[in-house]
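Before any comments, here is the structure.
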Amino acid sequence: VERVDYSSLPRKDKDLIRKAANTRRRAAATYSNFLVGAAVRDENGAMHTGCNTENIAFTGPHAEEGAISMMIALGGSTVTAVAVVTTNGGPPCGNCRQHIWEFCEGNKEVPIYIVDTSGNTWKTTIGILLPYAFSFRKKSGK
Ligand SMILES: [Zn+2]
């Protein structure tokens with residue numbers, strides 16, 4: 001996970017991070033008070049957002065899951081970039097890493113930006129966050 005300078009990022013990645021940050025403010029983090037915003041870019045360049053949406057049984061979707069659900073609902077199919085904004089710069093949880101991977105079409109280089117609410121920005125990839133993803137298929141050796 002590499003620290004990057006937000007101001008040096010391509011405009012489309014800054015836009016993705018801004019969308020995630022704005023969506024974070026709408027999070028329904030009633031119980032944890034840990035607001036998370038996420039945005040994904042699809043294969044057509046469209047951006048989709050999500051925020052954590054809690055219920056008292058703690059079964060509500062995470063921000064990343066919400067963003068991917070929005071992508072699918074609006075006709076996208078492949079995640080090409082992800083931004084996640086949290087108070088402390090926390091990375092996607094294990095379940096969300098698997099969920100993101102599911103929609104990356106096998107591309108381990110899909111970038112993931114992790115940003116805290118002070119604007120500190122880190123860049124990694126889904127392949128780094130989830131190096132040995134679950135699959136029903138036998139490992140092919142690649
Ligand atoms: Zn999660």
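None of the values given here were measured: they were computed from a predicted structure. Whatever order the structure lists ligands and atoms in, that order sets their numbers, starting from 1.
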Sub-4.5 Å side-chain heavy-atom contact between Met71 and Val79:
yes
If you count every protein N, O or S atom closer than 2.8 Å to the Zn ion (ligand 1), you should arrive at 3
What pairs with Arg26 under side chain to side chain donor-acceptor pair (under 3.5 Å), at least two apart in sequence or on another chain?
none
Mind running ring pair (Phe, Tyr, Trp, His ring centres under 6.0 Å) on Phe134 and Tyr132 for me, showing each step along the way?
CA-CA 7 Å; Phe134 173 77; Tyr132 191 58; 10.0 Å; no
Sequence neighbours excluded, the answer for side chain to side chain donor-acceptor pair (under 3.5 Å) partners of Asn22 is Arg25
Taking only distance into account, with no hydrogens and no angle test, what donor-acceptor pairs under 3.5 Å do side-chain atoms of residues 37-45 form with protein atoms, sequence neighbours excluded?
from  : atom 1 : to    : atom 2 : distance (Å)
Arg41 : NH1    : Lys12 : O      : 3.3
Arg41 : NH1    : Asp13 : OD1    : 3.0
Arg41 : NH2    : Asp13 : OD1    : 3.0
Asp42 : OD1    : Asn44 : N      : 2.8
Asp42 : OD1    : Gly45 : N      : 3.1
Asp42 : OD1    : Ala46 : N      : 3.0
Asp42 : OD2    : His48 : NE2    : 2.9
Glu43 : OE1    : Ser77 : N      : 3.1
Glu43 : OE1    : Thr78 : N      : 3.0
Glu43 : OE2    : Ser77 : N      : 3.2
Glu43 : OE2    : Ser77 : OG     : 3.1

Asn95/Glu65 under side-chain hydrogen bond (donor to acceptor under 3.5 Å, both in side chains): CA gap, chis, key distance, verdict:
CA-CA 9 Å; Asn95 187 61; Glu65 295 172 301; 3.1 Å; yes
